[in-house]
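These values consider heavy atoms only, across backbone and side chains, with no hydrogens, waters or symmetry-generated copies. All of these numbers come straight from a predicted model, not from anything done at the bench.
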Amino acid sequence: EGEREARRYVDYFVRNGVTKGSILKSVELTYARSNVFFDDTYTYFEKSGTFDIACAKGCAFCCHTMVSVVPPEAFYLANYIRTEFDAEASRAMIERIVAHDAENRGKSGAARHIGRIACPMLDPETHLCTVHGARPLTCRSMHSSDVSACRTGFEKRDAYHPTPSHALFFKNTQAYYDAYGTALHDSGLMVEPLELNAALATIFTGKNVFLRWLKGENPFEHALADIAL
């Protein structure tokens, strides 16, 4: 699966070049393909009875952790916030993300879970994701078959409380991430995993971050996911 996706991405960038437009479009296409995968997987699980998905609207226990993304996803989400929100809401969200990053950069997923540090894009009133349509693959891969286990881990502030999930979701996400790495590495682009909020804050507060990245620079030196330990 990984090799097939890698060839698909290589072919895509050969045909379209590596540009701001092609990068954003590649993420849009990736999310569309992942939606098909999840729909098919849900149907398979429902028919086979091999895994019951307990996740539901407003269930946000897993939105209190660190989220790892690849640079194209960070650029896509930043663009989404700038263009799909109205001007006032966009400014407010950007300020919220930057402030959240300033307070929490470097904190691990476990520390954020224990501290009940919610994603800044989670609506505190409804517990709904305000960027749901543009959420990263890492978020899309989070599934549980036991909401009570999620609740227990959250209420007890136990980041390592066992929560039953399924490897298929994570394998699908990793295949896409590997494909991006394969397709863009030869172009000299940095495709290391980034911590989502740090990456967004870098984009929102830096100058020409997208263009610098496309030129082969690494504007995300302080936003790497492995800094959050």
### Query
Centre of Phe154's six-membered ring, under 6.0 Å away, within 45 degrees of the axis: is that where NZ or CZ of Arg116 sits?
yes
### Task
For residues Pro71 and Glu192, report the shortest heavy-atom separation together with the two atoms involved.
CD-O, 3.6 Å
### Query
So which heavy atom on Ala198 is nearest to which on Glu195, and how close?
N-OE1, 2.9 Å
### Query
How close do Thr30 and Leu137 get, heavy atom to heavy atom, and via which atoms?
CG2-CD1, 4.0 Å
### Task
Can you see which heavy atom on Val191 is nearest to which on Val70, and at what distance?
O-CG1, 4.4 Å
### Query
What distance do Leu184 atom CG and Leu189 atom CG have between them, rounded to the nearest 0.5 Å?
5.5 Å
### Task
Give the ring-plane orientation class for Tyr180 versus Tyr9, where under 30° counts as parallel, over 60° as perpendicular and anything between as tilted.
perpendicular
### Message
Using modelled atom types and a 3.5 Å cut-off, is there a donor and acceptor pairing between side-chain atoms of Arg212 and backbone atoms of Glu217?
### Response
no
### Task
For residues Phe51 and His143, establish whether the separation of their ring centroids is below 6.0 Å.
no
### Query
Between Ser22 and Tyr12, which heavy-atom pair has the shortest distance, and what is it?
O-OH, 2.8 Å
### Query
Is the backbone of Ala60 close enough, under 3.5 Å, to the side chain of His64 for a donor and an acceptor to pair up by distance?
yes
### Smallest separation among heavy atoms of Cys63 and Leu122, with atom names
CB-CD2, 4.0 Å
#### Entry: Whether Ser90 side chain and Ile81 backbone form a donor-acceptor pair below 3.5 Å
yes
### Distance (rounded to the nearest 0.5 Å) between Leu77 CG and Arg135 CZ
11.5 Å
### Rounded distance [0.5 Å steps], CZ in Phe210 versus CD1 in Ile23
6.0 Å
### Query
Aromatic rings His166 and Phe169: how do their planes relate, parallel, tilted or perpendicular, breaks at 30° and 60°?
perpendicular
#### Entry: Side-chain donor or acceptor of His100 paired with backbone N/O of Ala118 under 3.5 Å
yes
### Query
Does Arg140 use its side chain to pair, donor to acceptor, with the backbone of Phe38 at less than 3.5 Å?
no
### Message
Between Arg112 and Thr65 (side chain of the first, backbone of the second, donor and acceptor by atom type, cut-off under 3.5 Å), is there such a pair?
### Response
no
### Query
Rounded to the nearest 0.5 Å, how far does CD1 of Ile203 lie from CD1 of Ile94?
10.5 Å
## Note on the structure
So OG of Ser34 and CG of Asn172: to nearest 0.5 Å the spacing works out to 6.5 Å
### Message
Looking only at side-chain N and O atoms, does Asp146 offer a donor or acceptor that is under 3.5 Å from a partner on Ser144?
### Response
no
### NZ/NE/NH1/NH2 to OD/OE distance under 4.0 Å, Glu88 and Arg91
no
